[in-house]
Protein chains: 2
Amino acid sequence: MAPPTTPELVDVHRTAAERLQADGQRFTGGRRTLVDTLVRTDRPLTIAEILARVDGLAQSSAYRNLAVLERAGVVRRVVGADEFARFELAEGLTEHHHHLICSACGQVVDFALDPEVEVALESALGRVAHDGGFTVESHRLDLLGVCDACA
Amino acid sequence: MAPPTTPELVDVHRTAAERLQADGQRFTGGRRTLVDTLVRTDRPLTIAEILARVDGLAQSSAYRNLAVLERAGVVRRVVGADEFARFELAEGLTEHHHHLICSACGQVVDFALDPEVEVALESALGRVAHDGGFTVESHRLDLLGVCDACA
DNA sequence: CTCAGTGCAAAGGATTTGCATGCCG
DNA sequence: CGGCATGCAAATCCTTTGCACTGAG
């Protein structure tokens with residue numbers, strides 16, 4: 001249950017800039033701030049949480065920039081148990097991990113899977129996708145349950 | 001990639017009735033129709049798809065009854081890649097399975113995992129949850145990618 | 001009779017978009 | 001200078017809710 005390690009901030013910025021550029025987008029100050037905010041946390045954040053942490057950020061800019069970052073593959077949208085969208089850094093900017101989702105409060109917490117199991121899983125998924133004529137981009141694995149705080 | 005087998009219709013009705021009763025709810029005609037509709041499909045359906053298949057069903061009744069069925073554990077809400085909620089029968093009324101989600105069209109398709117891998121996965125998840133002080137109710141595993149039709 | 005279930009229409013709320021302005025390139 | 005990014009506020013659209021009616025028990 002060790003939290004995923006975080007790549008160097010510099011690397012994150014460089015990768016983010018590259019992915020944005022590849023998508024024909026700029027790495028603006030606002031977008032940099034969003035990325036920084038997501039680097040500093042160990043779990044996906046809701047828009048509300050992001051707005052609370054970034055002073056002077058317009059709600060529409062948050063949505064718009066997160067959409068841009070998502071299309072560019074810098075950020076990933078996480079769907080939990082409640083109706084709020086949550087965001088985290090995409091693969092390559094964070095270690096591969098999964099989520100514990102509390103069905104009571106909607107909170108989402110990161111966790112990593114035993115590497116051995118992860119490998120077995122990926123191989124099995126590769127087979128399934130191949131058989132189903134499906135081009136896999138990624139997979140997501142979530143645990144639904146009740147967290148300590150809500151129990 | 002064999003589709004999950006479907007429990008007998010009679011069993012589904014009996015189980016649904018039991019779970020509803022346990023939750024203090026009735027198994028009305030409308031609810032029976034919803035369950036029947038979900039039994040007849042091999043993938044989660046959106047509200048729109050359900051309304052199209054059930055003639056004379058009010059949108060509000062669909063939402064309301066699906067909410068009741070979800071609380072009673074008869075139906076499960078599936079979140080895909082688009083903004084539409086999808087519904088399928090809950091565990092026990094269908095074989096345990098996972099989803100292939102097309103990021104292009106949002107379509108969701110069911111698939112089952114190699115039992116051996118599934119077992120290893122569940123055991124690993126049990127460990128994680130235990131270590132994280134989290135009471136697990138279930139897990140969900142989705143493959144995100146592009147389906148044949150959209151490729 | 002009573003009360004939950006149902007339809008219709010209006011309300012709700014997260015997310016998106018139009019438009020004018022400001023800033024980076 | 002030109003075009004994209006940003007704020008503000010209005011519009012969207014899935015989903016939920018209020019209310020009156022109907023049907024099951």
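Chain identifiers are assigned alphabetically (A, B, ...) following the order of the sequence lines, protein sequences preceding nucleic acid strands; residue numbering begins at 1 within each chain. Heavy atoms only: backbone and side chains are in, while hydrogens, waters and symmetry mates are out.
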Whole-Å distance separating the CZ atom of Phe27(A) from the C1' atom of dA5(D): 15 Å
Over all atoms of both residues, closest heavy-atom pair of Val146(B) and Ser103(B): CG2-OG, 4.1 Å
Partners passing side-chain hydrogen bond (donor to acceptor under 3.5 Å, both in side chains) against Thr28(A) (at least two apart in sequence or in another chain): Arg31(A)
Quiz item: cation-pi between Arg32(A) and Phe27(A), 6.0 Å / 45°: yes
Result of checking Arg19(A), Arg64(A), Arg77(A) against Glu70(A) for salt bridge (Lys or Arg N to Asp or Glu O under 4.0 Å): Arg77(A)
Boundaries of the DNA chain C segment in contact with chain A, non-hydrogen, under 4.0 Å: dA14(C) to dG18(C)
Same apolar cluster (I L V M F W Y, side chains within < 4.5 Å links), Phe134(B)/Val109(A): yes
Sequence-distant partners of Arg14(A), side chain to side chain contact (heavy atoms under 4.5 Å, CB included), two or more places apart: Asp11(A), Glu18(A)
With Val117(A) via side chain to side chain contact (heavy atoms under 4.5 Å, CB included) - residues at least two apart: Leu113(A), Asp114(A), Leu121(B), Ala124(B)
Below 4.0 Å: OP1/OP2 of dT6(D) and any side-chain N or O of Asn65(A): yes
CZ-CG distance between Phe111(B) and Leu100(B), expressed to the nearest 0.5 angstrom: 5.0 Å
Point-to-point distance, once rounded to the nearest 0.5 Å, from CG of Asn65(A) to OG of Ser60(A): 9.0 Å
Touch class at under 4.0 angstrom, heavy-atom based, for Gly56(A) against every strand present: sugar-phosphate
Under 4.0 Å protein heavy-atom contacts per nucleotide of nucleotides 9-25 of chain D, with B for base, S for backbone only and - for none: B----SBBBB-------
Salt-bridge contact Arg43(B)-Glu49(B) (side-chain N to carboxylate O under 4.0 Å): yes
Touch class at under 4.0 angstrom, heavy-atom based, for Gly30(B) against every strand present: sugar-phosphate
Net bend of the helix from dC1(C)-dG25(D) to dG25(C)-dC1(D), end axes of five pairs each, nearest 10 degrees: 30°
